[in-house]
K.L.:
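There's a structure below that I have some questions on.
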Amino acid sequence: MLIRTPKEVKEIKKRFLTHYPNAKTELNYSDLYQLLVAVILSAQCTDKRVNLITPKLFQKYPTIFDLAKAEVKDVEELIKSCTYFSNKAKHLVNMAKMVVEEYKGEIPKDEKELVKLPGVGKKSANVVMIEYFGKNLMAVDTHVFRVSHRLGLSSAKTPDKTQQELTTLFKTDLNKLHHAMVLFGRYICTAKEPKCKNCFLKEFCVKERDT
DNA sequence: CTCCCGATAT
DNA sequence: ATATCAGGAG
């Protein structure tokens with residue numbers, strides 16, 4: 001269902017883009033391998049925490065080939081301050097093994113292939129496509145999902161559906177909008193106590209606190 | 001739909 | 001002490 005008029009959508013889009021002109025991920029990385037690892041670790045975990053973990057991890061495993069040969073227990077030790085560390089340690093090593101064995105060590109460059117990797121779901125694959133390859137895609141994480149609902153841009157019950165709706169509504173600059181909406185959700189339209197005083201989209205808030 | 005499961009704010 | 005944050009796999 002469409003709550004926002006096309007004119008309102010345009011205005012919301014414009015404000016996101018002007019308030020966050022240079023939005024990008026807050027994950028630290030220096031190449032595609034590091035970005036993919038950081039994104040896998042960031043599932044249900046804050047970027048801040050991931051950034052605390054990755055320096056030592058990348059020092060011990062500088063390339064995907066090193067990670068493919070790693071002991072899961074050693075990886076666990078390095079990422080244990082991260083939520084679901086046990087699953088993620090397995091995913092990281094298995095992901096690296098798959099890339100080495102099935103893709104000659106070359107991390108795939110499209111979403112369809114990325115999603116096949118252990119620990120990589122739709123949101124993570126989209127984030128990599130947006131961040132590294134600059135693709136015009138909308139990735140829907142918990143922030144984008146919440147913000148979309150509060151702004152009346154989506155009433156979908158699943159992130160997948162919200163992604164389709166946002167893609168249809170915005171059409172262009174989806175990658176920039178993704179980053180902008182994440183930052184907006186993380187620092188202003190927060191899950192718990194939204195900073196409504198600092199909100200530059202107040203007038204579009206449906207004021208329904210889900211959950 | 002359940003499990004996974006640490007850190008931080010309250 | 002407890003509620004809340006934050007995605008993917010089986």
K.L.:
Could you pull out all residues at least two apart from A:Lys24 that satisfy side-chain contact (heavy atoms from CB on, under 4.5 Å)?
P.N.:
A:Glu131
K.L.:
Please list all pairs meeting salt bridge (charged side-chain N to carboxylate O under 4.0 Å, His left out) that have one or both residues in residues 44-53 of chain A, counting only residues at least two apart or in different chains.
P.N.:
A:Asp47-A:Arg186
K.L.:
Would you list the protein and nucleotides 8-10 of chain B atom pairs, both N or O, that sit under 3.5 Å from each other?
P.N.:
unit_1	atom_1	unit_2	atom_2	d
B:dT8	OP1	A:Arg49	NH2	2.9

K.L.:
Please set out all donor-acceptor pairs under 3.5 angstrom arising from side-chain atoms of residues 96-106 of chain A, sequence neighbours excluded.
P.N.:
unit_1	atom_1	unit_2	atom_2	d
A:Tyr103	OH	A:Glu113	OE1	2.7

K.L.:
Counting only heavy atoms and a strict 4.0 angstrom limit, can you tell me which residues of residues 85-94 of chain A come near DNA chain B?
P.N.:
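Correct list: A:Phe85, A:Ser86, A:Asn87.
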K.L.:
Applying ring pair (Phe, Tyr, Trp, His ring centres under 6.0 Å), can you list everything that pairs with A:Phe85, at least two apart in sequence or on another chain?
P.N.:
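A:Phe85 satisfies ring pair (Phe, Tyr, Trp, His ring centres under 6.0 Å) with no other residue.
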K.L.:
Could you note down all residue pairs passing salt bridge (charged side-chain N to carboxylate O under 4.0 Å, His left out) where residues 58-71 of chain A supplies at least one of them, sequence neighbours left out?
P.N.:
none
K.L.:
With sequence neighbours left out, write down each residue that passes salt bridge (charged side-chain N to carboxylate O under 4.0 Å, His left out) with A:Lys13, or none if nothing qualifies.
P.N.:
none
K.L.:
Who passes salt bridge (charged side-chain N to carboxylate O under 4.0 Å, His left out) against A:Asp110, sequence neighbours left out?
P.N.:
none
K.L.:
Just to verify, what does A:Phe184 make a ring pair (Phe, Tyr, Trp, His ring centres under 6.0 Å) with, not counting sequence neighbours?
P.N.:
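Result, ring pair (Phe, Tyr, Trp, His ring centres under 6.0 Å) vs A:Phe184: A:Phe16, A:Phe200.
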K.L.:
Which residues, if any, of residues 73-82 of chain A bring a heavy atom under 4.0 Å of DNA chain B?
P.N.:
A:Lys80, A:Ser81, A:Cys82
K.L.:
Can you run down the salt bridge (charged side-chain N to carboxylate O under 4.0 Å, His left out) pairs that involve residues 74-87 of chain A, sequence neighbours left out, and say none if there aren't any?
P.N.:
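Of all non-adjacent pairs touching residues 74-87 of chain A, those that pass salt bridge (charged side-chain N to carboxylate O under 4.0 Å, His left out) are A:Lys73-A:Glu76, A:Glu77-A:Lys80.
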